[in-house]
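Every chain is numbered from 1 and lettered A, B, ... according to where its sequence line falls, protein lines coming before strand lines.
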Number of protein chains: 2
Amino acid sequence: MPANKSARETPRLSEAEWEVIKPLWKHGPMAARDIYKDIPDKFGWAYKTVKTMLARLVKKGAVTYDQIGNSYLYRPVYSREEMTRSATGTFIQRVFDGAWSPLLAHFVEHVNREELEVLKRELARLEKKEPKNRGE
Amino acid sequence: MPANKSARETPRLSEAEWEVIKPLWKHGPMAARDIYKDIPDKFGWAYKTVKTMLARLVKKGAVTYDQIGNSYLYRPVYSREEMTRSATGTFIQRVFDGAWSPLLAHFVEHVNREELEVLKRELARLEKKEPKNRGE
DNA sequence: TGACATCGCCTACAAATGTAGGCTATAATC
DNA sequence: GATTATAGCCTACATTTGTAGGCGATGTCA
């Protein structure tokens, strides 16, 4: 069976690393200084801290860069979609042993109306094509 | 105003700690040796490793114990429900900035039929009482 | 009543993570 | 051209996590 095209192995990020890569997904390629500025103040990180995170993200292969003059323009290697997908899988496995039910229960207790609409749409879409012995 | 009973602050667990506390939720109070036996072989941990995790869980206040003779019967301080609830909140915040949509998208791509039924039931239940002064 | 098997307690040690600082080269400014 | 603000590179250091081991006390079995 051919490899699933969407199944690239993504690096695992620490919490702080997630905060540093988010601006890159939001704005595209950025200089370290701009990433720094884009990170919410509530984290209270020094610029140097952000730089350290960027270095680690590069080392992990989650971020790469192009050199422009004497500085770098950083950009993500994986889409946010890819990264969140695998992080979610890992999380679900760790916390729920792979079972979604508790997460769903949590969900229905906390969603707002808008999110609920999204979900209903997704469900409708799913029902329609219904397909598929998914879950083997 | 009385404290909200469901809002206890729970300790944060590492991945390995999650695996060690799970048997306690599943079976109730257990001796370290039994917890050790209940942890899936795939982790390949030594008994001593499990003991270390238990000590850390106790130190974090996630687990406590009653002494029986010269050994301990460990038990969880928080319900699995409580722990998963807060872990989920933290995760959602970290990875999705608090937005559920990407998680839902992930969900509809991966659930199996059974989980889907659970969700539909939950939704029905939600619709019924509908109202919505939820979120205080 | 010894000899083991276990118990819990304390210690160890590398890797990952959080949180920067110092140093040198270069770019921009007067 | 000299000064200064930045850039990237390398280093630092405490804490958390993964992964146990050693040791003395106690329970267990012959």
Which nucleotide sits closest to the side chain of N70(A): dG8(D), dG18(C), dA27(C)?
dA27(C)

Donor-acceptor contact below 3.5 Å, side chain W18(A) vs main chain F96(B):
no

Under 4.0 Å, heavy atoms only, any strand: does S71(B) hit a base, just the sugar-phosphate, or nothing?
sugar-phosphate

With a 4.0 Å cut-off on heavy atoms, is T49(A) in touch with a base, just the backbone sugar-phosphate, or nothing at all?
base

Over 60° means perpendicular and under 30° means parallel, so tell me whether Y65(B) and Y74(B) are parallel, tilted or perpendicular.
perpendicular

May I ask you to say whether R85(A) pairs ionically with E81(A), meaning some side-chain N is under 4.0 Å from a carboxylate O?
yes

Would you indicate, yes or no, if dC9(C) has its OP1 or OP2 atom less than 4.0 angstrom from a side-chain nitrogen or oxygen of K51(B)?
no

5'-most contact on DNA chain C (nearest-nucleotide basis), A16(A) vs R56(B), goes to R56(B)

Look at the side chain of Y47(B) and decide which nucleotide, out of dG8(D), dA20(D), dG8(C), has an atom nearest to it.
dG8(C)

From CH2 of W18(A) across to C1' of dG18(C) the rounded distance in Å is 18 Å

Where M83(A) and P11(A) come nearest, the two heavy atoms and their spacing
CE-O, 3.5 Å

Please determine whether a side-chain nitrogen of the Lys or Arg among D97(A) and R80(B) lies less than 4.0 Å from a carboxylate oxygen of the Asp or Glu.
yes

To the nearest angstrom, the NZ-C1' distance between K59(B) and dG8(C) comes to 16 Å

I21(A) CD1 to dT17(C) P: how many Å, rounded?
14 Å

To the side chain of T52(B), which of dA20(D), dG18(C), dG21(C) is closest?
dA20(D)

Do any side-chain nitrogens or oxygens of K60(A) fall under 4.0 Å of OP1 or OP2 in dT17(C)?
yes

Taking 4.0 Å as the cut-off, does a side-chain nitrogen or oxygen of Y72(B) come that near to OP1 or OP2 on dC9(C)?
yes

Comparing L73(B) and E15(A) on DNA chain C - which has the more 5′ nearest nucleotide
L73(B)

For L57(B) and dG8(C), what is the distance between atoms CG and P respectively, to the nearest whole Å?
14 Å

Atom NZ of K42(B) to atom P of dT19(D): distance rounded to whole Å?
14 Å

Given atom CD of Q67(B) and atom C1' of dA25(D), what is their separation to the nearest angstrom?
12 Å

Between CD of E19(A) and P of dG18(C) the distance, given in whole Å, is 10 Å

With a 4.0 Å cutoff (strictly under), does any side-chain N or O of R33(B) reach OP1 or OP2 of dC7(C)?
yes

By nearest atom, which of the nucleotides dT17(C), dG21(C), dT19(C) is closest to the K48(A) side chain?
dG21(C)

Rounding to a whole Å, what distance do you find between L54(B):CG and dG18(D):P?
14 Å

